[in-house]
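By convention in this document, chain letters (A, B, ...) are assigned in the order of the sequence lines, proteins followed by strands, and residues within each chain are numbered from 1.
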Amino acid sequence: MRVSTGIKNLDELIEGGFVEKSFNLVYGGGGTGKTLFTINYLINGAEEGKNVLYVSLEETWEDIVRKLPLGLAERLEKVKERFNYLDFGSLRPILGKEILKGDVLTEAITSSIVVHNIELVGLDGIAPLSMYYEDEKRVRSAIFDLSQNLKSYGVTTVFTSEEVNGMSRYGSEEYVADSVIKLTFDGKRRRVQIFKTRGSSFIGGTHGLEIRKDGLEVYPRVLFSEKKNSNKNDILGIQKLDNMLGEIYTGDVTLITGLPGSGKHLFGLKFLKSGCAQGKKGVYVSFESEDKKIVEGLKEIKDSSKLCKIVYIDALNTDIFKILWRLKVLTQNANRLVIHKINILADNEEYRDFIHSLIKYVHNMGISTMITYTTSDIMATNVLGDEHVVNLADNIIKLFFAEINGELKKVLAIIKSHSPTHETGLIEYRLGKRGIVIVGKVEQMEGIMSGTPTKQLEIKKRVEKFFK
Amino acid sequence: MGNSEDKMVRVPKDMYDAIGDIIKKYPQYGWKGPSEFVRDAIRRYVEELKRREILLERAVKVMPNRVKAILSKFMGPAEAEEAYEKIMGIHEKEPEEYIREVVNILSDYVGEKLAELIARRIVEERENEGEHGY
């Protein structure tokens, strides 16, 4: 049997929650959310109809309640009949360190367990135990005895400890605990990491964590999905280009990479519109500020408001794993996804996890996806984008400018496609009032990719002249 | 020396003999004879009774409210009120028994060890206050 952690999305990472009657450690530095984790766990249990007990060894209950986020405080108020607490923090000034003696604690806690028929216990902040037990070995022994006692009463416990030099305070809590969860906060990002779950597996690595008004929410670094993509044929919806690209399939990821002004957003818009025209739901996610051109562009489509959604995400100020989770939520029942300017995230150290998880997810779910990546090159170069998205994309189309006959023309190249017979020549395109217009292959020119195009004919003449 | 207001009290012979033995055994107390010993003993006993009376009075007067205040912060007002009502229902005449009963009631809520710590602390608080003339 499993007991929910009460933290949104965390149960999925540990096979459904804590093992019933287990002793579980949550540790981390100051301000990482250990107390809120514990209270969130208990409130959720109380909401499920269980009697719960919160034991504070450090902060007073009065202080804790005063500092609770509003929504969590409201949730607590609704279940206060089942929410019990023992505030040793308030007793310490009166009774001194005697109350921190293991058997005093155990007896007080187990008495309350019996009286209130408690099922879940939160034991918050074991650091003060060292005030009574100066020898750390005795602290460890006291924690072990406490864990055994609580287990014998059949309760499922979360206990918290401070992080000291990367380990829990006494270095032994990990061994006593059936599961170990570490919380971190670097001033900007909150992270949760699972180190151990006795008797079950877990999803490793660091996951996003947010303290919301109504409680904690985890944003997993991976998106769970069962493969349901059956690889049906699909199209981008851009005339001529589809033929040149060859076959593409549902769930494909197409990377449109190019410099500013090359019309990447219009490729995305056209891709989305084409889906809408077929009755497919689509989402356009932009990592830059609101773009009126996109809004106007979608208005042209009948029923676009029902089928298409435009979302702006402040990528620089939003946790990357929260973005990942939002993409999952946004694409529920969607067939198409456009992510505009993913390069804004590319400097994030967790970007690799993000892009791998996202692409695996859209592949599995059959969500045809177009990702745009803005490069900083002025003319054509060999820069396509960051290695992760380039390696994982199914189709790659590069947009660039080329000076042809004294004019700056827009040119695209299909770098990668499923189809071995895709167009290998360079294709000129224009951005008109009606969107993208494929002009055709750039004929009789060489050296465009290198930035110094010359007419093939001229070269031929020069070669002939040379040999003469 | 006695005066006309003094009254006679009879004691059994073996007790009288025991008094004599004690006077001899503990000369440092300076009892000049059995009469002085008995007067001293009665004085001490009356003082003890008064002390116990005060202790009981203080315990009855202070413990319910103090326990209520401590428990209210420790585990919430509902249980504190419940414990308070139970303590108010104690009718013991001896202070030790009264405190024992308080501990028994508290034990149901917080366990015996913590109950004893709380009760002891409350009694100590009152004694300290008494010493300081509160």
- Query: Do you know which of V115(A), L95(A), V114(A) has the most heavy-atom pairs under 4.5 Å to chain B?
  - Reply: L95(A)

- Note on the structure: Greatest number of non-hydrogen atom pairs under 4.5 angstrom with chain B, of E62(A), K101(A), E98(A), falls to E98(A)

- Message: Looking only at heavy atoms and a cut-off of under 4.5 Å, which of I109(A), D103(A), N84(A), L53(A) has the most pairs with chain B?
- Response: D103(A)

- Message: Could you measure the distance from the CG atom of L91(A) to the CD1 atom of I118(B)? Nearest 0.5 Å is fine.
- Response: 5.5 Å

- Is a salt bridge present between K113(B) and E116(B), judged by a nitrogen-to-oxygen distance below 4.0 Å? no

- Is chain B contacted by the side chain of Y54(A), its backbone, both, or neither, given a heavy-atom distance below 4.5 Å? neither

- Query: Counting only heavy atoms not in K21(A), do more than 12 fall under 6.0 Å of its NZ?
  - Reply: no

- Whether over 12 other heavy atoms sit under 6.0 Å from F185(A) CZ: yes

- For the residue pair F74(B) and F88(A), is the inter-centroid distance of their aromatic rings smaller than 6.0 Å? yes

- Message: Taking side chain as everything from C-beta outward and backbone as N, CA, C, O, which of these in E79(B) sits under 4.5 Å from a heavy atom of chain A? Side chain, backbone, both or neither.
- Response: side chain

